[in-house]
Visitor: 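Dumping the structure here so I can ask a few things about it.
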Amino acid sequence: MGRSGAPGSEIAVAIIDDQAMVREGFGALLSAQDDITVVGSAADGSEAVQLVRRTRPDVVLMDIRMPRLNGLDATRAILAMPGLEHPRVIILTTFDADEYVFSALRAGASGFLLKDATAEDLVAAVRIVAAGDALLAPSVTSRLIADYAARPAPREPAAELMVLTPRELEVMRLIATGRSNAEIAGELFLAEQTVKTHVSRVLGKLGLRDRAQIVVAAYESGLISAGR
């Protein structure tokens with residue numbers, strides 16, 4: 001279902017990539033799914049902004065390196081549009097480099113996949129992100145952990161985390177170390193639905209969009225640091 005939550009509603013997807021073969025290949029793959037509709041494609045970031053404003057997709061597949069306006073700047077522009085229910089953005093790139101991972105997440109992307117991901121992984125990513133979850137490849141989470149763990153640890157977590165309960169902090173910490181809801185439920189001896197409730201409260205209290213932003217916030221706030 002799309003973000004409207006209506007049973008049977010289709011997920012509207014826009015594809016942004018400067019290579020025509022990539023746009024056509026992804027478009028054919030996604031259009032073959034019963035629950036996904038490709039509403040348009042664009043060859044650069046500037047066209048992407050106009051396409052999103054016109055078609056209002058649920059999910060945007062966004063390349064990083066493109067002419068005129070790159071994917072990171074286009075993502076920031078799209079997520080800053082006023083008066084629009086912002087789409088979820090999956091950054092799709094051939095460049096498996098830390099700088100792109102961090103920049104994409106900070107720009108507000110909900111997912112990050114390499115272009116060599118399988119067809120099944122791409123389709124699953126669209127569905128996961130459209131449902132409101134974030135999708136981070138395991139290598140992305142592990143590099144985030146390694147990068148932030150190597151930085152000097154702050155004396156204590158940032159003050160903005162004080163609005164969270166001890167249990168919510170623990171759930172946030174486990175999300176940041178790559179655990180799924182099911183894994184968190186098992187580790188904390190909670191029902192998975194209870195974990196989902198805690199995740200929703202963390203998002204609401206901290207004004208975050210999804211799990212990807214929880215991961216970044218946990219490290220940047222000092223909740224997770226070297227040796228923890």
Side-chain angles (χ1 to χ4, degrees), residues 1-79 81 84-96 100-101 103-105 107-141 180-181 209-213:
M1 65 180 62
R3 285 186 298 159
S4 66
S9 63
E10 295 184 339
I11 302 168
V13 178
I15 302 171
I16 317 302
D17 197 287
D18 63 345
Q19 298 182 46
M21 289 184 64
V22 171
R23 297 195 303 274
E24 293 169 4
F26 288 165
L29 170 65
L30 294 174
S31 294
Q33 310 305 311
D34 292 338
D35 59 338
I36 297 174
T37 298
V38 176
V39 296
S41 64
D44 62 55
S46 294
E47 291 180 9
V49 174
Q50 298 304 317
L51 175 66
V52 168
R53 182 176 287 113
R54 185 173 67 253
T55 63
R56 301 195 174 189
D58 297 308
V59 176
V60 177
L61 296 180
M62 181 77 75
D63 190 22
I64 287 184
R65 292 192 176 183
M66 297 183 294
R68 292 211 294 169
L69 189 69
N70 65 48
L72 298 179
D73 288 338
T75 296
R76 294 187 186 98
I78 289 169
L79 297 180
M81 286 182 180
L84 176 70
E85 183 179 1
H86 297 136
R88 307 280 179 174
V89 178
I90 299 175
I91 297 292
L92 201 58
T93 181
T94 56
F95 301 97
D96 188 12
Y100 296 117
V101 174
S103 296
L105 294 176
S110 295
F112 186 101
L113 284 178
L114 300 181
K115 286 184 180 178
D116 61 5
T118 66
E120 291 79 9
D121 285 344
L122 176 60
V123 172
V126 168
R127 290 172 177 152
I128 289 170
V129 169
D133 292 323
L135 183 119
L136 300 178
S139 61
V140 173
T141 301
S180 66
N181 284 351
R209 183 178 297 107
D210 52 36
R211 294 174 79 96
Q213 291 195 336

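Throughout, residue positions are numbered sequentially from 1 according to the sequence presented. Atom set for the values below is all heavy atoms of this structure, side chains included, hydrogens, waters and symmetry mates excluded.
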Visitor: Are Leu92 and Asp17 packed together at the side-chain level, in the sense that at least one heavy-atom pair is separated by less than 4.5 angstrom?
Guide: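 Not in contact.
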
Visitor: Write down the atom of Gly45, the atom of Met66, and the distance for their closest heavy-atom approach.
Guide: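 So the two residues come closest at N-CE, 3.6 Å.
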
Visitor: Quick check for you: to the nearest 0.5 Å, what is the distance between Arg127 atom CZ and Asp58 atom CG?
Guide: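 One finds 13.5 Å between CZ of Arg127 and CG of Asp58.
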
Visitor: Side chain to side chain contact (heavy atoms under 4.5 Å, CB included) for Ile11 and Gln33? Distances and angles first, verdict last.
Guide: CA-CA 10 Å; Ile11 302 168; Gln33 310 305 311; over 6 Å; no

Visitor: CG of Asn70 to CD1 of Ile64: how many Å apart, nearest 0.5 Å?
Guide: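 Result: 8.0 Å between the selected atoms.
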
Visitor: Quick one: closest heavy-atom pair of Ser110 and Arg88, and the distance?
Guide: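 Closest heavy-atom pair between Ser110 and Arg88: OG-CD, 3.6 Å.
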
Visitor: Quick check for you: to the nearest 0.5 Å, what is the distance between Ile91 atom CD1 and Thr75 atom OG1?
Guide: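 Taking CD1 in Ile91 and OG1 in Thr75, the distance rounds to 4.0 Å.
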
Visitor: So if I apply the side chain to side chain contact (heavy atoms under 4.5 Å, CB included) rule between Met62 and each of Ile16, Ile90, Ile15, which one comes out positive?
Guide: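 Running side chain to side chain contact (heavy atoms under 4.5 Å, CB included) over Ile16, Ile90, Ile15 with Met62 returns exactly one hit, Ile16.
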
Visitor: Show the nearest heavy-atom pair for residues Leu79 and Pro87, with the distance to one decimal.
Guide: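 That would be CD2-O, 3.5 Å.
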
Visitor: Taking side chain as C-beta onward, heavy atoms only, is Arg56 less than 4.5 Å from Glu85?
Guide: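 No, their side chains stay 4.5 Å or more apart.
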
Visitor: By the definition side chain to side chain contact (heavy atoms under 4.5 Å, CB included), identify the one residue from Ile128, Leu30, Asp35, Thr118 that meets it with Val123.
Guide: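 Between Val123 and the candidates, side chain to side chain contact (heavy atoms under 4.5 Å, CB included) is satisfied uniquely by Leu30.
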
Visitor: Do Asp18 and Arg68 have side chains that approach each other closer than 4.5 Å (heavy atoms only, starting at C-beta)?
Guide: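 Asp18 vs Arg68: side chains apart.
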
Visitor: Might you point out which heavy atoms bring Ala130 and Val59 nearest each other, and give the distance in Å?
Guide: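 The answer is CB-CG2, 3.8 Å.
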
Visitor: If you compare all heavy atoms of Ile36 against all heavy atoms of Val13, which two are closest, and at what distance to 0.1 Å?
Guide: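 For Ile36 and Val13, the tightest heavy-atom pair comes out as CG2-CG2, 3.7 Å.
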
Visitor: Grab the two heavy atoms, one from Lys115 and one from Gln19, that are nearest each other, plus how far apart they are.
Guide: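 Looks like NZ-NE2, 4.2 Å.
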
Visitor: Please evaluate residues Arg23 and Asp63 with respect to the criterion side chain to side chain contact (heavy atoms under 4.5 Å, CB included), reporting the C-alpha separation (whole Å), side-chain torsions for both, the decisive distance (0.1 Å), and the verdict.
Guide: CA-CA 10 Å; Arg23 297 195 303 274; Asp63 190 22; over 6 Å; no

